[in-house]
**Q** 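My questions all concern the structure below.
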Amino acid sequence: MSQSLASLQRYDFLKELGIGEVNSGACAGPEDWADVSGKELLEVISPIDGSVIAQVGLSSEKDYDHVIEAAECSFQKWRLVPAPKRGAIIRDVASELRRLKEPLGKLVTLEMGKIVEEGYGEVQEAMDIADFAVGLSRQLYGLSMQSERPNHRMYEQWHPLGVVGIITAFNFPVAVWSWNAMVAAVCGDTMVWKPSTKTPLCAIAVQHILNRVLKSHGGGGIFTLIIGKGARIGERMINDKRIALISSTGSTAMGRRVAEATSKRLARNILELGGNNAIIVAEDANLDLATRAILFGSVGTAGQRCTTTRRIIAQRKIIDDLVNRLVNSYKQVRIGNPLDSSTVMGPLVDQEAVETMIKALANLSSQGGKIVYGGERLKGPGNYVTPAIVLVPGNTQLVCEETFAPILYVMPYDTIDDAIRLNNEVPQGLASSIFTESLKYAEKFLSAVGSDCGIANVNIGTSGAEIGGAFGGEKDTGGGREAGSDSWKQYMRRQTTTINWSDDLPLAQGIKFG
Ligand code: NAD
């Protein structure tokens, strides 16, 4: 019996989600999966124990063109469907996600390694943004303006953009796609999704859900899927003139490449890139609250969230107390199989991630860093490590890099201005927090001379954003915004319209011509 067949029997939820032993990696719409025969097969390995879960046929150039053509063709019709009717279809997507929350959440855990509670949370997030998009489908408002010309009406309206390319990272294999796709769908766009090759099965399972819903509404390639390497399929997408917007989530290096290619062809992009998030803990902070928030922010998802707490900037008077509390909390973290509901921290995504973490820690002492807890590789199958707490004098070169692993750097500060400077000193600008009971500290942190990040919180950690707000960050994080607020505007084109209902032709600025 092959290993992947054994997985199908061991994890019965895979069948419920339509995952087979060998899966097609390209889908242009309901009942339009690419043929797998003759394709290079990608082995999908679970970080839990290193076993092969299933195989996926990597997409060919021909599959790619077929998928893009399907998305282009569907756009011609989808853009004419009234937005609230598009919303009604997304409501059905939300219902189907709700029905399959448990198996899909478990698949997230099996394939990516986050604990099952977070796997369920990720599907919940997809449902939440779908619900948000349903409401949004009746609220794609444009402004009406006062014309300076008599008997003229001026207003703006929003039209669908076209085909949207969604490139996603491994660490949120369902949620990040949904932030983009649910909103873009009600805006009238069609989608091509390229997931990470580390988590293709989640994308295939979601595509099955979408296909079922779309089939019940008459089909169409509104949501399509293309699985392949970034250097090949990803590159084709970012250089493809048929794709109006590339929304990409991943490392800063990848984002730079996307920015370069899309700028060259003057296409739009949304860049959601790496973070290096800090929590400032002031001398008057509620340390119980701060410790709990830091623990979730640094150890949750085994330190593999873009919003993971990577740096603690602690006031010198309380730093020892805080570090003691953190070490005690870290000692109680149960590390193990993330499908077991008592586990708090699962494995890293792959062996390469473990190597990167170990290498970063080995380079610490040369930069004045000192490990006070953890940082070991655990023996046995799977990619398990103990999370590390490291004391550092400030933002050393290593601290400025985003090591995508559970390493928490702790550094001291003296004044609130120092703390804000340290918060802002790194190249990235995603999430930031302050724990304080002082109104002055909190307001300064949130002011124009405060945090330079896209997300700034008070007495809440850096990780665990709600979908209602616009999500994203500044500087090397890319400047993009996704999910709530008015992020939808990026998936539409704005048209400014002026109607003259007079019998004259007055010119703007009072210009007399001829
Ligand atoms: P990655 O950059 O290795 O890959 C992300 C995606 O980009 C994958 O689908 C990959 O195939 C694709 N890709 C790679 N090269 C490409 C190219 N030349 N052209 C087009 N596509 C290409 O990132 P990862 O390891 O999967 O994810 C971890 C990173 O993602 C971290 O840096 C994390 O902070 C970031 N992230 C950011 C956010 C956010 O919202 N800011 C959310 C999640 C993850």
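Both ligands and their constituent atoms are indexed starting at 1 by order of listing.
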**Q** What do we get for S248 next to ligand 1 when only non-hydrogen atoms under 4.0 Å count, side chain, backbone, both or neither?
**A** neither

**Q** Taking a cutoff of less than 4.0 Å between a non-hydrogen atom of the residue and any ligand atom, is T197 in contact with ligand 1?
**A** no

**Q** Side chains of D350 and I45: closer than 4.5 Å at any heavy-atom pair?
**A** no

**Q** Please identify which atoms of ligand 1 are closer than 4.0 Å to at least one heavy atom of S196.
**A**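 It comes down to these atoms of ligand 1: 9 (O).
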
**Q** State, to 0.1 Å, how close D131 and A94 come at their nearest heavy-atom pair, and which atoms those are.
**A**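 Between these two residues, the closest heavy atoms are OD1-CB, 3.7 Å.
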
**Q** Return the residue, atom name and 0.1 Å-rounded distance of the protein heavy atom closest to atom 35 (C) of ligand 1.
**A**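 For atom 35 (C) of ligand 1, the nearest protein heavy atom comes out as G250 O, 3.2 Å.
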
**Q** Is any N or O atom of T477, backbone or side chain, closer than 3.5 Å to an N or O atom of ligand 1?
**A** no

**Q** Just distances here: any N/O of N171 and N/O of ligand 1 closer than 3.5 Å?
**A**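 No, there is no polar N/O contact under 3.5 Å.
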
**Q** Near F471, which atoms of ligand 1 are under 4.0 Å from a heavy atom of that residue?
**A** 39 (C), 40 (O)

**Q** What part of I238, side chain, backbone, both or neither, has a heavy atom within less than 4.0 angstrom of ligand 1?
**A**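 Under 4.0 Å from ligand 1, I238 contributes side-chain atoms alone.
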
**Q** Between R493 and D189 (salt bridge meaning N to carboxylate O under 4.0 Å), is one present in this structure?
**A**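 A salt bridge is absent here (no side-chain N lies under 4.0 Å from a carboxylate O).
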
**Q** What is the closest protein heavy atom to atom 26 (O) of ligand 1, and at what distance does it sit?
**A**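 Protein heavy atom at minimum distance: F170 N, 3.1 Å.
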
**Q** Which one holds for I167 and ligand 1: side chain close, backbone close, both close, or neither close, with close meaning a heavy atom under 4.0 Å?
**A**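 Side chain only; the backbone of I167 stays clear of ligand 1.
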
**Q** Taking atom types as modelled, find out whether R311 and N395 have a side-chain donor-acceptor pair closer than 3.5 angstrom.
**A**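 Yes.
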
**Q** With a 3.5 Å cut-off and no angle check, do the side chains of D476 and Q428 form a donor-acceptor pair?
**A** no

**Q** Look at atom 6 (C) of ligand 1 and say which protein heavy atom is nearest, naming residue and atom and giving the distance to 0.1 Å.
**A** T168 O, 3.4 Å

**Q** Would you kindly specify which portion of E272 sits under 4.0 Å from ligand 1, judged on non-hydrogen atoms: side chain, backbone, both or neither?
**A**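 Both of them.
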
**Q** Between K194 and ligand 1, is there a nitrogen or oxygen pair with a distance under 3.5 Å?
**A**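 Between K194 and ligand 1 (N or O atoms, distance only) the closest approach is under 3.5 Å.
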
**Q** When you measure from the side chain of S451 to the backbone of L446, do you find a donor-acceptor pair of N or O atoms at a distance under 3.5 Å?
**A** no

**Q** Based purely on interatomic distance, does A169 place a nitrogen or oxygen under 3.5 Å from a nitrogen or oxygen of ligand 1?
**A**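 In fact, backbone or side chain, A169 has no N or O that close.
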
**Q** Need the ligand 1 atom indices (1-based, order shown) with element for anything under 4.0 Å from a heavy-atom of R257.
**A** 18 (N)

**Q** Does the distance from a Lys or Arg side-chain N to an Asp or Glu carboxylate O, for E235 and K229, drop under 4.0 Å?
**A**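 Looking at E235 and K229, the cut-off is not met.
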
**Q** Show which atoms of ligand 1 fall inside a sub-4.0 Å distance from at least one heavy-atom site of M254.
**A**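 Taking each heavy atom of M254 in turn, ligand 1 has 2 (O), 7 (O), 13 (N), 14 (C), 15 (N), 16 (C), 22 (C) under 4.0 Å.
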
**Q** I need the nearest protein heavy-atom contact for atom 17 (C) of ligand 1: residue, atom name and distance, please.
**A** G230 O, 3.5 Å

**Q** Can you tell me if S433 uses its side chain to pair, donor with acceptor, with the backbone of I279 under 3.5 Å?
**A** no

**Q** Give the contacting part of E402 toward ligand 1: side chain, backbone, both or neither, where contact means a heavy-atom distance below 4.0 Å.
**A**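 Side chain only; the backbone of E402 stays clear of ligand 1.
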
**Q** Just checking, is any N or O donor in the side chain of S247 or E482 under 3.5 Å from an acceptor N or O on the other one?
**A** yes

**Q** Around atom 36 (N) of ligand 1, find the nearest protein heavy atom and jot down its residue, atom name and distance.
**A** C306 CB, 3.6 Å

**Q** Look at atom 4 (O) of ligand 1 and say whether a protein heavy atom is found at less than 4.0 angstrom from it.
**A** no

**Q** Can you tell me the protein heavy atom closest to atom 41 (N) of ligand 1 and the distance?
**A** L273 O, 2.8 Å

**Q** Identify, by atom number and element, the atoms of ligand 1 in contact range of P195, meaning under 4.0 Å from any of its heavy atoms.
**A**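 The atoms of ligand 1 under 4.0 Å from a heavy atom of P195 are 9 (O).
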
**Q** Looking only at distances, please establish whether an N/O atom of ligand 1 is found under 3.5 Å from an N/O atom of F404.
**A**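 Checking ligand 1 against F404, no N or O pair falls under 3.5 Å apart.
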
**Q** Charged N to carboxylate O under 4.0 angstrom, E260 versus R256?
**A** no

**Q** May I ask you to list the atoms of ligand 1 that are less than 4.0 angstrom from any heavy atom of G234?
**A** 19 (N), 20 (C), 21 (N)

**Q** Under a 4.0 Å threshold between the charged nitrogen and the carboxylate oxygen, would D35 count as salt-bridged to K62?
**A**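 Salt bridge between K62 and D35, a charged N being under 4.0 Å from a carboxylate O: no.
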
**Q** Would you mind listing which atoms of ligand 1 come within a distance below 4.0 Å of any non-hydrogen atom of G275?
**A** 34 (O)

**Q** For ligand 1, which is the ligand I care about here, please tell me if S251 has any N or O atom under 3.5 Å from one of the ligand's N or O atoms.
**A**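 So ligand 1 has an N or O lying under 3.5 Å from an N or O of S251.
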
**Q** Using distance alone, with no hydrogens and no angle criterion, decide if N277 and T462 have a side-chain donor and acceptor under 3.5 Å apart.
**A** no

**Q** Applying a heavy-atom cut-off of 4.0 Å, say which part of E235 lies close to ligand 1: side chain, backbone, both or neither.
**A** both

